Participant: 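Please find one structure pasted underneath; my questions will follow.
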Amino acid sequence: MNIKKHVKRGLWSHLMKSGIEMGLASIIYEVGVASKYVNHAMRTGDLGLAGTSNLYGEDQLALDVVADEIIKDRLDHTGRVSRIISEEQSEIIIFERKNRKGGYSVCYDPLDGSSLVDVNLSVGTIVAIYAGDDPLQNGRKQVGAMYVLYGPRTTLVYGAGNGVHEFTLNNLGEYVLTQEYIQIREQGNIFSPGGIRRDYLPEHEKIVTKFEADGYKLRYSGGFVPDINQILLKGGGLFMYPATTTAKQGKLRLPFELNPMAYLVELAGGAATDGQKPILDLDCNDLDQRSPVYIGSRKEVALAAQFFN
Ligand code: AHG
Ligand code: MN
Ligand code: MN
């Protein structure tokens, strides 16, 4: 039997062959290790409230806290991370750096969409990686980004300057390569409107009406990671979470939701804007900074942006 065709490329060997710096490779790899424990906790653990709330005043689920602890611990374990921002922490966390050379800073959402777990919908982990000691950098400065999607399959998608690649967790607990150099379609067929229609501002109302009139299918799961994943990997299209009358900056956070996803989508040939400027060109000044977002296939993002100019 030709064993070669059965042995797919694992995450670590892909990272080594990609030539990226060892510290960055170990961060991506260790988030992969952490995700296996998050995956396990989600399928076996407590789905209730942690009894605490995060910086945004949102009730934290036990799973949010557990996922955050697991990822924080694995990032510290790399010995190459100096500072982190997490959706579940209220300030920048500084790791003791015993003569650690060339540190990285990491911004992550340990469990995006966590309120969907108890109804068995897909959720994800989102990670942005920067060189140096400052996690509040402009998104264009990212040296890598990744997400893990906990769905019917558990998949890990990363990009570090040279293509976007997908790995699938197999029954042996290995992440094996399933798609390489992913390219998002130039034009798609689905749209995710975001928010609540009665709160839409005129521009967003016109955009949603236009996509409906043009026959785009509405796909919106309430989970940012699965919603982006299907646009990235399948038919293309547009994900939106707009500014509204009740939330002038929209809902999604720049450091650990929008910047990493914008990095991956642009690296795969797509685009991401706040309506006026590319997401990656926005100055990132606060942990809790939010922005409206239009992200996905270039054609649809450009079409949406026209309504703001
Ligand atoms: P989180 O669970 O980390 O707070 O993020 C949830 C986000 C994102 O996953 C999704 O796109 C959005 O919330 C959905 O918001 P609505 O429930 O307001 O549609
Ligand atoms: Mn989130
Ligand atoms: Mn979250």
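Computed over heavy atoms, backbone and side chain alike; hydrogens, waters and symmetry mates excluded. The first residue in the sequence is number 1, and the count goes up from there. For clarity, every value in this text was computed on a predicted model and none was experimentally measured. In each ligand, atom 1 is the first atom listed, and ligand 1 is the first ligand listed.
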Participant: Using the test side-chain hydrogen bond (donor to acceptor under 3.5 Å, both in side chains), find all partners of D112 that sit at least two apart in sequence or belong to another chain.
Facilitator: none
Participant: Hey, is CE on M22 packed in by over 12 heavy atoms from elsewhere, all under 6.0 Å?
Facilitator: no
Participant: Which atom name does E257 have for its N/O/S atom nearest to the Mn ion (ligand 2)?
Facilitator: OE2
Participant: Rounding to 10°, state the angle centred on the Mn ion (ligand 3) that links OD1 in D109 with O in L111.
Facilitator: 90°
Participant: How would you list, by chain and number, every residue that makes a side chain to side chain contact (heavy atoms under 4.5 Å, CB included) with A67, sequence neighbours excluded?
Facilitator: V38, P110, L111
Participant: For the Mn ion (ligand 3), what is the closest N, O or S atom on E87?
Facilitator: OE1
Participant: Sequence neighbours excluded, which residues qualify as side-chain hydrogen bond (donor to acceptor under 3.5 Å, both in side chains) partners of Y241?
Facilitator: none
Participant: Specify which N/O/S atom of D112 comes nearest to the Mn ion (ligand 2), by atom name.
Facilitator: OD1
Participant: Name the residues in contact with ligand 1, where contact means a heavy atom under 4.0 Å away: which are they?
Facilitator: E87, D109, L111, D112, G113, S114, Y220, G222, G223, F224, F239, Y241, K251, L252, R253, E257
Participant: Which residue is it: R9, H165, E166? I am looking for the one with a side-chain hydrogen bond (donor to acceptor under 3.5 Å, both in side chains) to T178.
Facilitator: E166
Participant: With ring centroids as reference points, do Y147 and F224 lie under 6.0 angstrom apart?
Facilitator: no
Participant: Does the gap between the ring centers of F167 and Y175 come in under 6.0 Å?
Facilitator: no
Participant: Taking the six-membered ring for Trp, are Y29 and H14 ring centroids under 6.0 Å apart?
Facilitator: no
